[in-house]
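Letters A, B, ... mirror the listed sequences (proteins, then strands); counts begin at 1.
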There are 2 protein chains.
Amino acid sequence: MKRVPTHPTSVKRQRGGASKQESEAPGRTASSDVPARRAERAAERRAAILHAALDEFGARGFAAARLEDVAKRAGVAKGTIYLHFADKEALFQELIRSVLVPVMNRLTVEPPAEVPTRTLLEIFAATFMREVATTRRADVLRLIMAEGVRFPSLAEFHFRNVVEPGLAGLRRLIQRGIDRGEIRNPGLAEFPQLAVAPAMLAVVWQGLFGHLSPLDVEAMMRAHIDLIFGERSGA
Amino acid sequence: MKRVPTHPTSVKRQRGGASKQESEAPGRTASSDVPARRAERAAERRAAILHAALDEFGARGFAAARLEDVAKRAGVAKGTIYLHFADKEALFQELIRSVLVPVMNRLTVEPPAEVPTRTLLEIFAATFMREVATTRRADVLRLIMAEGVRFPSLAEFHFRNVVEPGLAGLRRLIQRGIDRGEIRNPGLAEFPQLAVAPAMLAVVWQGLFGHLSPLDVEAMMRAHIDLIFGERSGA
DNA sequence: TCATTGTGACTGACCAGTCAGTCACAATCA
DNA sequence: TGATTGTGACTGACTGGTCAGTCACAATGA
């Protein structure tokens with residue numbers, strides 16, 4: 001970051017092939033009998049580093065995480081990290097990018113058939129729980145809330161690519177509910193944040209207090225949806 | 001944090017007098033003509049250090065904040081910090097303690113008169129906005145979400161002294177609303193978290209995205225209270 | 001005067017980022 | 001096909017800078 005290069009190697013090489021962006025670790029083990037092509041191996045290592053980084057950053061936060069630990073966890077030398085990422089911050093950004101954007105695409109499906117809006121919202125909530133709240137992706141969310149202030153570009157990236165589209169989709173859903181007379185309160189369309197707020201709280205709660213006082217997130221989300229649709233008891 | 005003390009100084013001296021706990025910066029300047037008594041001066045310095053720590057930790061997070069900057073901001077030498085706090089972590093804990101506990105006491109008033117529950121909730125929300133969301137205390141909240149995972153004792157302290165009593169008070173309020181027929185959804189009493197969730201989201205939002213897309217927190221809270229009381233439009 | 005309080009230069013651990021060297025594998029040749 | 005050479009991915013010891021915490025000394029004031 002602040003290192004002055006001895007040789008003015010102005011242009012950094014930056015491998016990684018055709019900008020792979022998947023997040024799931026590849027199933028193929030390194031000891032496969034079909035020797036993976038170089039590019040494949042590189043992609044595997046890149047994925048392994050991202051995976052390890054998720055663990056380390058998630059557990060320690062950005063500033064306190066040590067790249068040497070990331071390397072060790074990924075089964076790689078420290079220097080290797082720098083073959084794939086420009087620096088610690090770039091690794092962090094790429095982590096956010098690769099972990100959240102794919103889920104957002106999965107969450108922001110088009111509002112399709114003749115299904116009641118309540119069901120759509122329930123699916124939305126269930127998907128969020130299954131894909132985010134109960135996975136290590138929740139750590140990434142907490143990480144953004146935690147470190148976002150210090151990385152404005154990262155906060156903005158997350159806002160443009162996750163928050164804005166997610167909220168827009170939610171607003172469309174809610175508006176649909178209002179139009180069909182399923183939702184009474186028009187304020188919800190103006191502030192779709194009200195609809196996600198409990199999910200965010202759940203992520204934080206489970207991370208901080210889960211072991212002290214576990215929260216029945218599903219029941220809470222059910223109560224929340226009841227609140228939105230003005231019912232007095234769940235199914 | 002991970003520093004191994006060279007000398008096994010088992011018991012740290014820990015000056016600082018009668019455990020002052022106020023958080024507001026003292027108005028008195030150091031150049032006051034009435035020379036403050038030693039204990040007073042000590043308390044003032046302690047407060048100044050906490051105040052500076054709030055700024056620095058709030059802006060940079062625990063790991064990245066530098067005690068030298070805290071000292072400079074407090075108008076004090078680095079060593080002086082160690083006259084008042086055992087180490088960086090103790091300073092951080094004391095910061096959380098001194099900033100949030102007093103507010104919690106102010107928020108958790110007894111549910112008094114013949115006032116409608118809605119008004120009480122509105123007061124609760126307004127107080128939270130005035131005393132927390134729009135002050136540097138919001139940084140402390142974000143700080144806890146950020147660093148709490150890495151400081152379990154701190155997370156537990158915050159849970160026992162802020163979250164639990166706060167939620168209990170809120171639950172009592174909601175139960176009152178249900179008993180009086182003002183609130184329809186009984187799930188709210190089971191999950192008072194639903195009532196605070198938007199406030200938490202507002203704190204995070206303003207911190208991360210406030211400059212990209214400011215959130216009209218008051219309007220949102222109004223919409224949220226409408227939702228709770230089943231009204232369709234605010235006053 | 002002397003006990004208490006404050007100071008800031010200093011120490012030692014720590015860690016992001018570097019780079020000279022290694023070696024697995026691919027390409028080329030006999 | 002097997003031997004030789006070339007390539008660049010990978011390694012990890014190292015550097016330079018940073019910062020928490022210390023302590024010998026200075027300032028203060030009872």
Side-chain angles (χ1 to χ4, degrees), chain A residues 1-10 12-17 30-46 48-49 53 56-57 60-72 74-92, chain B residues 1-17 30-32 34-46 48-49 53 56-57 60-72 74-92:
Chain A
M1 193 194 306
K2 72 243 10 174
R3 186 71 359 83
V4 177
T6 317
H7 308 286
T9 317
S10 48
K12 284 266 178 57
R13 62 213 144 102
Q14 179 79 0
R15 275 178 273 120
S31 63
S32 161
D33 35 35
V34 179
R37 208 143 340 324
R38 287 216 170 165
E40 265 180 49
R41 299 250 318 164
E44 272 174 23
R45 302 213 128 181
R46 193 187 149 86
I49 292 169
E56 289 295 326
F57 285 136
R60 304 213 197 294
F62 176 79
R66 289 154 55 222
L67 286 195
E68 197 146 353
D69 291 344
V70 173
K72 199 174 299 173
V76 138
K78 184 144 71 110
T80 306
I81 293 177
Y82 290 90
L83 298 177
H84 294 271
F85 305 94
D87 56 15
K88 197 184 183 186
E89 198 171 326
L91 171 59
F92 187 51
Chain B
M1 189 204 313
K2 74 242 3 176
R3 188 71 2 82
V4 177
T6 319
H7 308 286
T9 317
S10 48
V11 179
K12 287 268 176 57
R13 61 213 145 98
Q14 179 77 1
R15 276 180 267 124
S31 64
S32 160
V34 178
R37 207 152 336 326
R38 284 212 171 173
E40 264 178 50
R41 300 251 319 163
E44 272 174 22
R45 301 210 130 184
R46 192 185 149 87
I49 292 169
E56 290 296 326
F57 284 136
R60 303 212 198 293
F62 175 80
R66 289 154 54 223
L67 285 195
E68 196 146 353
D69 291 344
V70 173
K72 198 174 301 174
V76 139
K78 183 145 73 115
T80 306
I81 293 177
Y82 289 89
L83 298 176
H84 293 272
F85 305 94
D87 56 15
K88 196 184 184 186
E89 197 171 328
L91 171 59
F92 187 52

Position toward the 5' end of DNA chain D (nearest nucleotide), A:Gly75 or B:Lys88: A:Gly75
Rounded interatomic separation in angstrom, taking CZ from B:Phe92 and P from D:dG21: 14 Å
A:Leu83 vs A:Arg45 side-chain heavy atoms within contact, under 4.5 Å: no
Under-4.0 Å side-chain N/O to phosphate OP1/OP2 contact, B:His84 with C:dT5: no
Check: A:Lys88 side chain, A:Ala63 main-chain N or O, donor-acceptor pair, under 3.5 Å: yes
Presence of salt bridge, A:Glu68 and A:Lys72, under 4.0 angstrom: no
Between D:dT28 (P) and B:Leu83 (CG): distance, integer Å: 16 Å
Interatomic distance, B:Leu91 CG vs D:dG21 P [rounded to whole Å]: 10 Å
From D:dC19, C:dG17, C:dG8, nucleotide with atom closest to B:Ala77 side chain: C:dG8
Sugar-phosphate, base or nothing in reach of A:Lys78, heavy atoms under 4.0 Å: base
Rounded interatomic separation in angstrom, taking CD1 from A:Ile49 and P from C:dG17: 14 Å
Closest-nucleotide ordering on DNA chain D, the 5'-leading residue of B:Arg66 and A:Glu68: A:Glu68
Protein-nucleotide distance (B:Phe85, atom CZ; D:dA20, atom C1'), rounded to Å: 16 Å
Sub-4.5 Å side-chain heavy-atom contact between A:Arg66 and A:Val70: no
Sugar-phosphate, base or nothing in reach of A:Ala65, heavy atoms under 4.0 Å: sugar-phosphate
Nucleotide C:dC15, atom C1' - distance to CD1 of A:Ile81 in whole Å: 12 Å
Rounded interatomic separation in angstrom, taking CG from B:Asp87 and P from D:dC19: 17 Å
Side chain of B:Leu67 (C-beta onward), nearest among C:dG17, D:dC10, D:dG21: D:dG21
Whole-Å gap separating P (D:dT18) and CZ (B:Arg60): 13 Å
Side-chain touch A:Glu56/A:Phe62, heavy atoms, less than 4.5 angstrom: no
First of B:Arg45 and A:Gly79 reached from the 5' end of DNA chain C, by closest nucleotide: B:Arg45
Given C:dG17, C:dG6, D:dA20, the nucleotide with the shortest approach to the side chain of A:Tyr82: C:dG17
